[in-house]
Amino acid sequence: MINGVADVTPAVLAAMANTPDARLREITKSFISHIHAFAREVELTEEEYEVGINFLNRIGKATSEHHNEGVLIADVIGLSTLVCLLNNGNAGATETTAALLGPFWRINAPSIRNGGSIVRSSTPGAALFVKGRVKDINGNPIANVDVDVWQASPKGLYENQDQDQADMNLRGKLVTNAEGIFEFRSVMPDGYPVPTDGPAGDLLRAQRRHPYRPAHIHFLLFKPKFKTLITQVFVNDDPYLETDAVFGVTAALIGTYRKHDSGEPPAADITAPWHTLEYDFTMEPGFAKLPTPPIK
Ligand code: BEZ
Ligand code: FE
């Protein structure tokens, strides 16, 4: 029986104490302890509690097969980056630093040949040629790594947000060759605002935060017996590197996107200027697994 405010937390913890799954027991015990402590610390009013419940319900309502507001909220409060860095690579010591998956990964991007293009519909913007090298922790190349790439357009929109882009534009899967190299052609990504038409946007506005992410390309590297690597490589001169709305930038992930004003163009249809990015990825031995796709 509850006789006063001091009894509530111990009663709830006691009621959950026989949860057979040890990990679930540990997580729920910690979660309830913290969320009760939070309510006590801020002396949460009933009106504020209603706002909070309504906020959670709105996150659910805003989520569909094509939009994941839950992931977006976790991203803008830094929880995705925290969990990502807690679980991946001791600050880049062995494997390439990971970065959050984000809400826009789609699992069935079409395959392209090594050296092919991920531009599937007319996408005005500066041409970009990307070359990645995938190595193990001893510096040896890893062949046959599945490399899934996705990026926003030069207008700062993913294809699923933009009627003007073909399905799966600027997305593709390719495979590393015997030297661990993968190459593809694209266009320079631009920075973009995260979607602000739902609860995540309300939160950002209430906190007087801008919604922008610095321009980047996403990479998901998968090969059995290696720990799957999910990361992003950022454009080095982007104005939002220091203030990414979702806290995804670490120094090691700032790539050198080089602008070429002269010289031999990398393809017959290219005239200067064009851009190149070269980046080395290191995968460590481990378990290969794919995340749950946030959208279809
Ligand atoms: C992204 O990088 O695609 C992303 C990450 C977090 C929120 C929105 C977009
Ligand atoms: Fe992105």
Side-chain angles (χ1 to χ4, degrees), residues 59 62-85 88 96-109 118-119 123 125 128 130 132 147-162 165 168-173 184 186-205 207 209-221 229-236 238-250 252-255 257 277 279 290-296:
I59 294 168
T63 297
S64 69
E65 280 184 343
H66 306 291
H67 179 87
N68 198 321
E69 192 75 13
V71 168
L72 193 54
I73 283 286
D75 294 343
V76 300
I77 65 170
L79 186 60
S80 310
T81 290
L82 176 63
V83 173
C84 173
L85 296 184
N88 295 282
T96 296
T97 308
L100 70 167
L101 179 72
F104 291 132
W105 178 56
R106 294 178 67 190
I107 196 166
N108 286 325
I118 61 170
V119 183
T123 313
L128 170 67
V130 178
V147 181
D148 197 335
V149 300
W150 67 107
Q151 65 164 90
S153 72
K155 283 195 316 194
L157 290 171
Y158 286 86
E159 49 78 33
N160 52 301
Q161 302 175 293
D162 184 1
Q165 295 181 55
M168 295 288 182
N169 191 40
L170 306 184
R171 299 178 186 266
K173 277 185 191 153
F184 64 93
S186 186
V187 283
M188 278 296 280
D190 200 359
Y192 57 84
V194 303
T196 55
D197 53 353
D202 292 345
L203 184 66
L204 290 170
R205 279 184 290 277
Q207 296 174 334
R209 291 165 58 191
H210 74 70
Y212 284 90
R213 297 218 63 209
H216 56 273
I217 301 178
H218 295 260
F219 297 87
L220 189 160
L221 279 59
L229 173 63
I230 301 173
T231 195
Q232 307 176 22
V233 179
F234 295 91
V235 174
N236 37 300
D238 193 286
Y240 295 109
L241 286 174
E242 294 289 341
T243 62
D244 181 4
V246 299
F247 311 97
V249 183
T250 45
L253 296 179
I254 300 174
Y257 288 72
L277 167 69
Y279 196 85
L290 286 178
T292 303
I295 55 170
K296 235 177 137 189

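Both counts, for ligands and for their atoms, begin at 1 and track the order of listing.
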Taking the side chain as every heavy atom from C-beta outward, state whether [X] and [Y] have any atom pair closer than 4.5 Å.
X    : Y    : answer
V149 : S186 : no
P189 : V235 : yes
L72  : H67  : yes

At what distance is the nearest protein heavy atom to [atom], and which residue and atom is it?
atom                   : answer
atom 3 (O) of ligand 1 : Y192 OH, 2.7 Å
atom 2 (O) of ligand 1 : R213 NH1, 2.5 Å
atom 6 (C) of ligand 1 : D75 OD2, 3.1 Å

Decide whether D162 and S153 meet the rule of one side-chain donor and one side-chain acceptor closer than 3.5 Å.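 No - no donor-acceptor pair under 3.5 Å links their side chains.
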Kindly say whether D75 contributes a backbone atom to a donor-acceptor pair with the side chain of S80 at under 3.5 angstrom?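 Here the side-chain-to-backbone pair exists.
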So, does Q151 use its side chain to make a donor-acceptor pair with the main chain of V187 at under 3.5 Å?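 Judged by distance alone, yes, a pair lies under 3.5 Å.
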I'd like to check which ligand 1 atoms, numbered from 1 as shown, lie under 4.0 Å from a non-hydrogen atom of [X].
X    : value
P103 : 4 (C), 5 (C), 6 (C), 7 (C), 8 (C), 9 (C)
H218 : 1 (C), 2 (O), 3 (O)
G102 : 5 (C)
F104 : 3 (O), 9 (C)
V194 : 7 (C), 8 (C)
V246 : 6 (C), 7 (C)

Ligand 1 versus L72, non-hydrogen atoms closer than 4.0 Å: side chain, backbone, both, neither?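 Looking at L72 and ligand 1, just side chain atoms fall under 4.0 Å.
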Centroid-to-centroid, F104 to H218, below 6.0 Å?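 Aromatic pair excluded; centres sit 6.0 Å or further apart.
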Check the angle between the aromatic planes of Y212 and Y240 and answer parallel, tilted or perpendicular using the 30° and 60° thresholds.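 Ring orientation, 0 to 90° scale: parallel.
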I'd like to know if the Fe ion (ligand 2) has an N/O/S atom from Q232 within less than 2.8 Å of it, counting both backbone and side-chain atoms.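 Looking at Q232, which is the residue asked about, there is no N, O or S atom under 2.8 Å from the Fe ion (ligand 2).
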Is it true that some N/O/S atom of Y158, main chain or side chain, lies under 2.8 Å from the Fe ion (ligand 2)?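 Checking the Fe ion (ligand 2) against Y158, an N, O or S atom does fall under 2.8 Å.
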Closest N/O/S atom of H216 to the Fe ion (ligand 2), by atom name?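 Going by distance to the Fe ion (ligand 2), the closest N, O or S atom in H216 is NE2.
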